[in-house]
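Everything on this sheet refers to the single structure shown next.
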Amino acid sequence: MQTTVPTPRATTPGFRVLGLLQVRGREPVVVTARRQQVVLALLLLNGNRVVPLAVLLDALWGAEPPATARAQVQTCVSALRRALAKAGLGERISARGSGYCLDLAPGELDLHEFEALVARGRAARRPEEARAAFREALALWRGEPLTGIDSAVVRAHQVRIAQRRVEVLEDCLDAELELGLHREVVGEISVLTEEHPLRERFVLQLMTALHRCGRRVEALAAYRAVRRRFVEELGLEPGAALRELHQDILAGSSEAPPHGRAVPRMLPARLPYFTGHERLLAALRRGLTDDGPGAAVVTVLTGRGGVGKSAVAAEAAHRAAPAFPDGVLYARLAEEDAAEVLARFLHALGVPAAEIPDDLDGRAALYRSVLAGRRVLTVLEDAAGLARVTPFVADARGCRLLVTTHARVASRPGLAVAELDVLDGAEGVELLSALVGEDRVTAELSDAVELVELCGGLPLAVTAAATHVAARPGRTLAQEVARLRAEDDRLGRLGAGVRAAVGRGLDELPAPARELFARLALLPPGSWAGWAAAALGSADALESLVDARLVDVAGARYRLPSLTRLLAAEMLAGQPLRAPSRRLFGAWLQVTDEVRGVAAGSAPRTPVSAELGDVSTWYDRESAGLLAAVRQAAAAGEPEYCAELALAVADLAGARGRYADWRESGETALRAVVSAGDRRVEAALERSLGELAVRESRFADAAGRITRALTAGEQAGGMSWDELVRQVLAGVDRARAAVVAGSGVPGFSPREPGPGNHAAAPRIAVGRNQYELAADRAPGDAARSTGRAGHRRLPRPRPISWRRESEYPEEA
């Protein structure tokens, strides 16, 4: 194959920084004064963005600018304006705020053109398209960027731009090696390894090219040389990819292709910022290159949208490629028909177009025949399911198939399945460092960690946020974190690509599943039991969401990933909430009734089948969800549900000494009930909070609350409370006196302080029996039912520990 190198496209007018600084209009613009060169260079490097005056001063004079510095910058800018106008380039430089901006149209700056071509090459589906774009971008270079400009600030930009050229060279050489151009590029790579002796990727490419040219000894010598340099200069061994290729060449498992046979190398270029997943990559490579008995012919990499399946699959294929001397095939099944992909593969393997059958079965049969006796790796991305990849499964002993899919797949003989999860904190920070620079991340490490958390550990989202930061040199990670903290617009700010990945497969689901997905936003963050979802939709709908990877599952617990939950909340905003919210509140009451062993109250219950497990620890597992339900009921204007849920919390939290939960839920419900004007339920809640105050030795508060409870109850039911008031308040006085005297109340043991307590106190059932007795005397059944519903007999509290328990222990 003949190598052609495209020439750079001329643009008139044009600004050039990839070499000597040049400006072309009707006539060349000559800029020789140092200060004008520095100012013009920075304005071009930040084209269409404001360059603050402080940056210009620092670039020209460093930390000690002269007193006339501002005036001198203004003089430089005026001179540049005149020169550009004289060349017919118009009014390009404008003063904005405390800086200056140079306006550029698309294609006017060679650096912008370079970046556009690089982006096109990296987005190309075929290596020949990628190679053409990369070579066109590299042809724009006419030397070191901004040669001869004397400024430390400009030099920092020079280093950054030069580094970009090296990265693009690596991508271009990968594409050319995939096209089988190893003989054409081996000399160029040899020169590059001399210029950049510590860049492992160049050495890897050189070893690959030499080996494919049949120069095995030289390939091994190249490894020995780089290993010696690494050990002597850095005290380190070469990276895993180099070591693996060295072993493959030594073992002879990566033989050079037979002369004259077509060798396709269709993989997309490696990501220059790929990080993490080393164990998974090592396991994938072992599986793909294993020829032993029972080796898997098909390897499936699965995970939800945006988790990085494509990047991991491409990296794994690149690492395994030396073991497949007859080629690597690649396609995205979501974008092409299987028959079209097979035709393209057959053509790449050397089959003339006239000999390729028209039908899918005929192409699949010929494909299997062509692969017989060869070692070929096929990578198929984005398969909807295993049925789509059946035509690509070959019987050839040395061939392997690597598939990515978001569908859930079970392992079976001949099929290996690897699950890809989101990044943990350390992996996310490592990816962020690769994208925006280690120095920036180290300087703002806590913000970097929070940024990864706001992105849900999803590599696609982390990349989107990092790209937003990297494109704005003045932006800090703290500013990006502040931009993403607002949940209502986080997905929009991360971009359409992240939103599409998060909601991948949702449109293909039936309407009941999509409706349930939105309603799941009513459940709190974290994991939840299946019965909570059952209150909002059917079990079949939930399983559909699990199969589509929109809901995570582990045992009996389910979870919406953080970014997926934001999408559900967006969808929920346009739906009526009253009916599903009531069903959810009713389900909580149904389950808490069962846990406490009490009869149902007056608020309607939602029948659900719940696996309660160990009842004694149920509240520890579900407290966050129950407390969230109290808050939701208050916000939704459902005081009856809110009050009964709060009284359930009082029973369960009080029994475990979690008084902060009791207080929060009771006060939340009390505010909702007071607003609604329900005096009888207000009495029940004041009585509950009064008992809490006694337990915490806040006796004045207890007396006030119980007095208000009795007053509210009397106003609600028209009963006589004189004797009851006297008995209840006397009980409070006795409890206070017992604590002050240091003695216990007969029949009660002193308790240790618990979380949220001010002091230790014995438990006394303040007014509970008297309240129920008075309610029974009140005329009408409604009063009796309400009174009993509002006052459950609490189990005896266990001793309270100072150790704060987790608010929401996770099982998933």
Side-chain angles (χ1 to χ4, degrees), residues 4-31 36-51 77 80-94 96 99-126 128-149 154 157-169 171-172 175 269 272 467-468 470-474 495-497:
T4 59
V5 179
T7 57
R9 288 177 285 187
T11 55
T12 304
F15 300 84
R16 295 189 173 187
V17 295
L18 300 180
L20 288 171
L21 178 61
Q22 292 182 3
V23 180
R24 292 181 178 178
R26 288 194 301 260
E27 59 186 49
V29 177
V30 179
V31 181
Q36 291 182 26
Q37 287 181 338
V38 172
V39 171
L40 179 58
L42 287 174
L43 291 175
L44 287 172
L45 291 171
N46 294 275
N48 300 320
R49 297 196 302 266
V50 175
V51 180
V77 171
L80 290 172
R81 282 173 174 160
R82 289 193 300 272
L84 296 178
K86 182 180 179 182
L89 297 176
E91 289 291 333
R92 294 302 188 99
I93 305 176
S94 58
R96 299 183 188 177
Y100 297 93
C101 177
L102 191 151
D103 296 325
L104 292 171
E108 281 195 310
L109 179 65
D110 58 354
L111 178 59
H112 289 177
E113 187 72 0
F114 171 78
E115 293 293 353
L117 288 166
V118 171
R120 184 197 303 172
R122 288 176 174 169
R125 289 169 49 191
R126 300 183 180 183
E128 55 267 29
E129 297 172 357
R131 173 180 178 265
F134 289 143
R135 282 298 174 185
E136 189 173 354
L138 292 168
L140 293 171
W141 285 67
R142 295 162 292 104
E144 291 299 318
L146 296 168
T147 304
I149 296 183
V154 174
H157 284 281
Q158 290 171 330
V159 171
R160 174 180 61 83
I161 299 170
Q163 176 67 22
R164 289 286 290 158
R165 179 177 180 272
V166 174
E167 293 170 356
V168 175
L169 268 169
D171 290 346
C172 182
T467 301
H468 191 268
R472 295 159 176 80

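Everything numeric in this text was worked out from a predicted model, so none of it was measured.
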TODO: Rounded to the nearest 0.5 Å, what's the gap from CD1 on Ile161 to CD on Glu115? Could you check?
DONE: 8.5 Å
Open item on the list: Would you say that Arg120 contacts Glu136 through its side chain, given a criterion of any heavy-atom pair below 4.5 Å between the two side chains?
Closed with: yes
Task: Minimal non-hydrogen separation, Leu43 against Cys101, with atom names - done: CD2-N, 4.3 Å
Open item on the list: When you compare the side chain of Leu45 with that of Leu109, does any pair of heavy atoms fall below 4.5 Å?
Closed with: no
Open item on the list: Would you say CD of Glu144 has more than 12 non-hydrogen atoms from neighbouring residues, nucleotides or ligands within 6.0 angstrom?
Closed with: no
Task: Spacing of Leu21 atom CG and Arg16 atom CZ [to the nearest 0.5 Å] - done: 12.0 Å
Task: Approximate separation, where rounding is to 0.5 Å, of Leu42 CG and Gln37 CD - done: 12.0 Å
Task: Gap separating the CZ atom of Arg92 from the CG atom of Leu84, nearest 0.5 angstrom - done: 7.5 Å
Open item on the list: With heavy-atom distances below 4.5 Å as the criterion, would you say the side chains of Glu129 and Phe134 are in contact?
Closed with: no
Task: Closest heavy-atom pair and its distance - Ala162, Pro145 - done: N-CG, 4.4 Å
Task: Rounded distance [0.5 Å steps], CG in Leu140 versus CG in Asp110 - done: 6.5 Å
Task: Over all atoms of both residues, closest heavy-atom pair of Arg135 and Cys172 - done: NE-SG, 3.3 Å
TODO: Verify side chain to side chain contact (heavy atoms under 4.5 Å, CB included) between Leu40 and Val23, making sure each step is shown before the conclusion.
DONE: CA-CA 10 Å; Leu40 179 58; Val23 180; 3.8 Å; yes
TODO: To the nearest 0.5 Å, tell me how far Leu104 CG sits from Phe15 CZ.
DONE: 6.0 Å
TODO: Return the minimal non-hydrogen interatomic distance between Gln36 and Val31, and the atom names on each side.
DONE: CB-CG1, 3.7 Å
Task: Leu146 and Leu20, any side-chain heavy atoms less than 4.5 Å apart - done: no
Task: Close side-chain approach of Gln22 and Pro28, heavy atoms under 4.5 Å - done: no
TODO: Report the C-alpha separation of Val29 and Arg24 in whole Å, then their side-chain angles, then the decisive distance to 0.1 Å, and conclude whether the side chain to side chain contact (heavy atoms under 4.5 Å, CB included) test is met.
DONE: CA-CA 6 Å; Val29 177; Arg24 292 181 178 178; over 6 Å; no
Task: Partners meeting ring pair (Phe, Tyr, Trp, His ring centres under 6.0 Å) with Phe114 (sequence neighbours left out) - done: Trp141
TODO: May I have the step-by-step check of side chain to side chain contact (heavy atoms under 4.5 Å, CB included) for Tyr100 and Val77, ending in yes or no?
DONE: CA-CA 9 Å; Tyr100 297 93; Val77 171; 3.9 Å; yes
Open item on the list: Quick check: do Val118 and Arg164 have side-chain heavy atoms less than 4.5 Å from each other?
Closed with: yes
